[in-house]
Amino acid sequence: MHESLPDFAMPDDDQVHLAAETFRMLSDPTRIKVLWALLQGESSVACLAELAGAAPTAVSQHLAKLRLAGLVKGRREGTFIYYSAADDHVHRLLTQVLMHADHATS
């Protein structure tokens, strides 16, 4: 059946693995709140913790995972690290997921 679709192409295994890992990183409500806050601009752990309603140590752990997954990046200034979303793909992905969630509950 799929042979009749001229533009049909399955993603390769590496793409699928990375996509699944990205969705796994977004499976936590605190991470979604942290990422949403970062889409508004660069922020510190303390500020993100306040916005997400979580302890700074928990937010710091979430940021470490998000950073390893390539969803956030950090910039050191003295003893502080300021975090931001890694790129526009993160913005589009999170916006689409939240729009889908909004649509699914309507």
Side-chain angles (χ1 to χ4, degrees):
M1 178 176 194
H2 61 276
E3 293 91 8
S4 66
L5 302 171
D7 294 327
F8 181 83
M10 289 291 288
D12 65 41
D13 288 344
D14 288 339
Q15 286 176 308
V16 170
H17 176 74
L18 289 171
E21 182 62 20
T22 299
F23 282 122
R24 191 171 73 78
M25 286 293 107
L26 294 176
S27 68
D28 183 278
T30 300
R31 289 186 201 138
I32 291 174
K33 288 179 182 180
V34 166
L35 272 175
W36 186 257
L38 291 175
L39 293 178
Q40 312 314 307
E42 190 177 67
S43 191
S44 67
V45 171
C47 184
L48 291 168
E50 184 179 328
L51 289 168
T57 53
V59 169
S60 190
Q61 290 174 358
H62 286 301
L63 285 165
K65 291 176 182 178
L66 292 168
R67 191 169 169 178
L68 284 173
L71 296 171
V72 302
K73 58 186 176 182
R75 177 184 63 82
R76 183 174 292 278
E77 190 174 298
T79 59
F80 292 97
I81 299 177
Y82 295 94
Y83 292 90
S84 59
D87 55 35
D88 287 338
H89 294 115
V90 175
H91 184 271
R92 288 193 303 270
L93 177 64
L94 193 55
T95 300
Q96 289 295 315
V97 167
L98 289 171
M99 284 175 52
H100 174 73
D102 189 44
H103 178 74
T105 59
S106 297

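Starting from 1, each residue takes its place in the sequence as its number.
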Quick check for you: to the nearest 0.5 Å, what is the distance between [X] atom [atom1] and [Y] atom [atom2]?
{"X": "His100", "Y": "His103", "atom1": "NE2", "atom2": "NE2", "value": "8.0 Å"}
{"X": "Tyr83", "Y": "Cys47", "atom1": "OH", "atom2": "SG", "value": "13.5 Å"}
{"X": "Leu48", "Y": "His62", "atom1": "CG", "atom2": "NE2", "value": "11.5 Å"}
{"X": "Leu94", "Y": "Thr22", "atom1": "CG", "atom2": "OG1", "value": "12.0 Å"}
{"X": "Glu21", "Y": "Leu26", "atom1": "CD", "atom2": "CG", "value": "10.0 Å"}
{"X": "Leu39", "Y": "Leu35", "atom1": "CG", "atom2": "CG", "value": "6.5 Å"}

What's the shortest heavy-atom distance between [X] and [Y], and which atoms?
{"X": "Thr30", "Y": "Ala54", "answer": "CG2-CB, 4.1 Å"}
{"X": "Arg31", "Y": "Arg24", "answer": "NH1-O, 3.7 Å"}
{"X": "Ala86", "Y": "Gly70", "answer": "CB-O, 3.1 Å"}
{"X": "Ala55", "Y": "Ala49", "answer": "C-CB, 4.1 Å"}
{"X": "Glu42", "Y": "Arg75", "answer": "OE1-NH2, 2.7 Å"}

Hey, quick one: are [X] and [Y] part of the same hydrophobic cluster, counting side-chain heavy atoms closer than 4.5 Å, chains of contacts allowed?
{"X": "Val59", "Y": "Ile32", "result": "yes"}
{"X": "Met25", "Y": "Trp36", "result": "yes"}
{"X": "Leu98", "Y": "Phe23", "result": "yes"}
{"X": "Leu68", "Y": "Val90", "result": "no"}

Evaluate the side-chain proximity of [Y] to [X]: yes if any heavy-atom separation is below 4.5 Å, no if none is.
{"X": "Val45", "Y": "Ile81", "value": "no"}
{"X": "Met99", "Y": "Thr95", "value": "yes"}
{"X": "Val72", "Y": "Val34", "value": "no"}
{"X": "Leu71", "Y": "Leu38", "value": "no"}

Flag yes if more than 12 heavy atoms outside Asp12 fall under 6.0 Å of its CG atom; otherwise flag no.
-> yes
Please say whether more than 12 non-hydrogen atoms of neighbouring residues, nucleotides or ligands are located less than 6.0 Å from CD in Glu50.
-> no
With distance as the sole test, does Ser60 use its side chain to make a donor-acceptor pair with the main-chain N or O of Pro56 at under 3.5 Å?
-> no
Look at the side chain of Asp13 and the backbone N and O of Val16, then say whether any donor-acceptor pair between them is shorter than 3.5 Å.
-> no
